[in-house]
Amino acid sequence: MATMFTKMLSFFVVMLLASNKNSAGLTSNPKIRCIEKEKRALLEFKEALIDDGNSLSSWGSENDEKECCKWRGVECNNHTGHVAVLNLSTWSLTGKISPSFLELQHLEYLDLSGNNFGGDYTPIPNRHLGNVSSLQYLSLGGNYNLSGGNLEWLSYFPLLRHLDLSMVDLSEATNWLELVSDKLPLLEYLSLSDCYLLNQVPPTHPFNSSLYLTVVDLSNNHMSSLIPDAFGKMISLVHLNLAYNDFVGRIPKSFANLSRLESLELKWSHVIEQVAVVLDKLSGSEKSLQILNFDSNQLSGTVPDFTRFSSLRELYLGGNKLTGAFPKSFRHVLPNLVVLEFYGNQISGMLPDLITMFPFLTRLDLSNNSLNGTIDKSIGQLSKMEHLDTSLNSLEGIISESHFSNLSSLKYLDFSHNQLIFNISSSWIPPFQLDVIRLESCKLGPDFPEWLRNQHNFSELDVSGAGISDVVPNWFWDLPPNLVNIDISRNQMKGLVPDLSSAVSLFKINLSSNCFTGQIPRLPSRFTGLDLSKNLFSGSISFICAITSPITWYVDLSSNQLSGELPNCWEPFHALQMISLANNTLSGELPRSFGNFFNLKALQLSNNNFSGELPESLKNCPHLIIMDLGENKFTGKIQPLLGSHMPNLMILSIRSNKFYGDVPRDICLLNSLRILDFSQNDLSGKLPRCFDNFTALVQRDYSVKETADFAFYSTIYLGIVLVQWKGQERGYQRRLRLLKMIDFSSNKFSGEIPQEIASLAELISLNLSRNDFTCKIVQNIDGMKMLESLDLSRNRLFGKIPPTLAALNFLGVLDLSNNNLSGKIPTSTQLQSFNASVYSGNAQLCGDPLPDKCPGEEQGGKKGIQEGDDEDWFTTPAFYISLGVGFACGFWAIVGTILFSSVSRYAWFKFLDKVADWLYVTTAVNFNTLKRRLRG
């Protein structure tokens, strides 16, 4: 009874407040003047703010200073003149909330959202807002520098109906749930999105304010608990947003009580349940539900018939684990459905009948599934369609003009990564003007698609790998002014590229893997990425001096016919992360400005004619992961900066240059190193004894440096690393991030091979050939368990081949030729499987597979081996298997015949009787004869 009385009283208060507001109204009466004390309070509030946009210019101006109720954002009560409304939303104000709010005791509506109040996370002052007990609407959302403290101040506002603290720091509010549910009994709207809330919500905690709550937004807080059952008891709930949290488990059964629910968002959570079960638990909202968003969860099962939700407008089930095909037929037509997203699942089969069941779709995303078959021409009748994405499937067949016949609203088209063939007339004029065109790996060629000529507004164009082998027409280069991204790579397009400097919005340019000729044209002065690799561009790269963009992060001009020296104008490229000039004929020294790239991750200059010493500016690249300077004419000593100033290097190649001197000990600091190639230089001295510092080559579980950056940039790297073996260069085509190799071949290193090299348990290829090492082969070489290629040829190694070499089970390439090795080659299946040339040039080396036999093997050696082989035959499993098989066959050949054939059985036993009689007669005769002789 008391509970019912409380609810009735609360309802009466709300209705009374609403009635008072409607009857009293807000000021529009020129006779009503604001209270002087409140005007001063507002002016003090203004003084504490920074108003760069001059939004508060009317506050205190000459014309309006006498009447604050006419100030912008201020409204007063029509009867009392007290300030009732203060709305400063999205005015770009900064600063702090002034204590002058103490004087605004009759304030009912306060909206300071979308500003930058708070300064350096200044807490909302409790005492400032404590006297405003009549407040019903409070919005401080979007002030990301504001801190809400412990939220105890909420208890001063028992009449609050609207509370928006989104993006306010509430990390100190450990009891936020109790304060909201117990202190705000009239609350209807609650938004605590992106507030760093306590990461757990008690699943059974009651919300005392659940009688009136219609909107709850707790999104983007990373709360990691079960979905609270209490939400299902908020019978007035209309909108519930729990997206971008870590809620786990299943949907509570109580959600079936939400008969007024219009939108439910649980995007990017961890809901693990059958999708059909989820829909059953929402059965109470079959008539009201309009938006259902379960993107990026772990829903499973086949695609259900969701048409029972008759009011459904938007359905998001992308990024789950749905399987099977779409239902052959749906129960109901959904005329209100405008958004359908099933991307990133495992849905197979044909596309559903869209035009019949969902005639007013505006957005369809079925990308990244396993759909097959053809796209029906009826899709062209979806006249409201704006966004169409079926990329990353196995769709096939012909695409004609009929597929687009009535798509006049289409803005976004993505058919990429399918097996679709466009068969469109050159005279066709599309009914749409696209903003995004993505047709990668579709068959558009061989002729250049003429229908693009009628597209004037696209901001993104991707027709890469589309089989176009035509000369690019001149009209194409008249690019739309809003074009941001163009990718026409991996075709065989021909022609000259004109001046593109007027395309000021163009940020990403990819013309790679085509047949473009001529000089590289002028480009926009500001872009983020440029890829012109694998073309026939010639001339210098002086165009680079016209680039003034501080946001350029990658430039790839590799595999062209570029020549000349690098210009000295690289200062603006502060953000550069990857630059590749490999496989050209560029020459000269690197300029001083080349290298001041603090963010650089990958530097590729290989296979050019660069000369001179490396500039000191390279020490300003501390984040380098990949540096390839191979196949040039660089000279000088290896600078210590390679180790001390580039601690993150994983791939370092200076092969085939003219570097000389010792290897600096600073190289030992590169504990992330995976590929080290110093081959074909004039380096000398002894190798540093610190190979065990290369942690990535020692430890199998070294995960610190298996970074996303390395995975990304190693795919940009050429992908084929040349391994030196017996004077030949062989391409190593394994995925680069899995290759781990060291190559010091073709230098003048001397002394001993460091014993520490045996600790490189993850090393795959080691090449120390063509040097002057004078030592024995490392005895514990079996420590390099993963070794597949080993070349120690053309040194002065002596002594015996260690038996531990035979323990390298993965060894597929071996060369020990042209040394001073001696003794017998250890006997093993592994070492004897190599060609004799592997061991040639070692005069004192003997044994199989060499023709020279070791002492003691000349006489009877072969016979002994054969006898040994015969003797060994009786100890092998094959012998016992053969013995068992033979016994079984013989046994059943006889016994089986006796058991299953009466004739055979009779003949067999008759034979046994004859044998028995013969033995008896023969034995008796012989016995009597012997007896007579003994008597005689």
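Only heavy atoms go into these numbers, but all of them, side chains included; no hydrogens, no water, no symmetry mates. For this chain, numbers begin at 1 and follow the sequence in order.
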Would you compute the distance between atom CG of Leu557 and atom CD1 of Ile579 and round it to the nearest 0.5 angstrom? 7.0 Å
Does Lys508, at its NZ atom, have more than 12 non-hydrogen atoms belonging to other residues, nucleotides or ligands within less than 6.0 Å? no
Do the side chains of Ile547 and Ser525 get nearer than 4.5 Å, heavy atoms only? no
Test ring pair (Phe, Tyr, Trp, His ring centres under 6.0 Å) on Phe597 and Phe573; report intermediate values, then the result. CA-CA 7 Å; Phe597 312 128; Phe573 293 85; 7.1 Å; no
Distance, nearest 0.5 Å, that separates OG of Ser837 from CG of Asn818: 10.5 Å
Ile753 and Cys775: which non-hydrogen atoms are nearest, and at how many Å? N-SG, 3.3 Å
Between the side chains of Asn620 and Asn596, does any donor sit under 3.5 Å from an acceptor? yes
So how far is it from Leu760 CG to Thr695 OG1, rounded to the nearest 0.5 Å? 10.5 Å
Enter the distance from Asp556:CG to Leu511:CG here, rounded to the nearest 0.5 Å. 11.5 Å
Nearest 0.5 angstrom please: Lys748 NZ to Asp772 CG, how far? 10.5 Å
Taking the basic N atoms (NZ, or NE/NH1/NH2) and the acidic carboxylate oxygens, is any pair closer than 4.0 Å for Lys785 and Glu762? no
Determine whether Ile801 and Leu821 make a side-chain contact, defined as any pair of heavy atoms from C-beta on separated by less than 4.5 Å. yes
Centre-to-centre under 6.0 Å for Phe527 and Phe507, is that the case here? no
Backbone N/O of Ser593 and side chain of Asn568: donor-acceptor pair under 3.5 Å: yes
Asn681 side chain to Asn747 side chain, donor-acceptor N/O pair below 3.5 angstrom: no
Disulfide bond (SG atoms under 2.5 Å apart) involving Cys668 - partner list, sequence neighbours excluded: Cys690
Step-by-step ring pair (Phe, Tyr, Trp, His ring centres under 6.0 Å) determination, Phe598 to His574: CA-CA 7 Å; Phe598 181 79; His574 301 300; over 10 Å; no
Students often mix this up, so state it plainly: with edges at 30° and 60°, are the rings of Phe773 and Phe749 parallel, tilted or perpendicular? parallel
Between CG on residue Asp531 and OG on residue Ser512, distance to nearest 0.5 Å: 4.0 Å
Hey, are Lys686 and Glu752 close enough for a salt bridge, meaning a charged N less than 4.0 Å from a carboxylate O? no
Can you find a pair of side-chain heavy atoms, one from Phe678 and one from Asp743, that are under 4.5 Å apart? no
Validation: residues 492-503 side-chain donor-acceptor distances under 3.5 Å, sequence neighbours left out:
residue : atom : partner : partner atom : Å
Lys494  : NZ   : Ser469  : O            : 2.7
Lys494  : NZ   : Gln492  : O            : 3.4
Asp499  : OD1  : Ser501  : N            : 2.8
Asp499  : OD1  : Ser501  : OG           : 2.6

Within the 4.5 Å heavy-atom criterion, are Leu506 and Val484 side-chain neighbours or not? no
Between Phe537 and Phe516, what is the ring plane arrangement, given parallel below 30°, perpendicular above 60°, and tilted in between? parallel
Could you check if a side-chain atom of Leu766 sits within less than 4.5 angstrom of a side-chain atom of Ile757, using non-hydrogen atoms only? yes
Does the side chain of Tyr839 come within less than 4.5 Å of Pro849's, by heavy atoms? yes
Any non-hydrogen side-chain atom of Leu787 less than 4.5 Å from a side-chain atom of Ile764? no
If you define the side chain from C-beta out and look only at heavy atoms, does anything of Ile541 sit under 4.5 Å from Phe543? yes
Heavy atoms of other groups near Asn609 CG, more than 12 under 6.0 Å: yes
Counterpart residues, salt bridge (Lys or Arg N to Asp or Glu O under 4.0 Å), relative to Glu565 (two or more places apart): none
Ring-plane angle category for Trp570 and Phe594, please: parallel below 30°, perpendicular beyond 60°, tilted otherwise. perpendicular
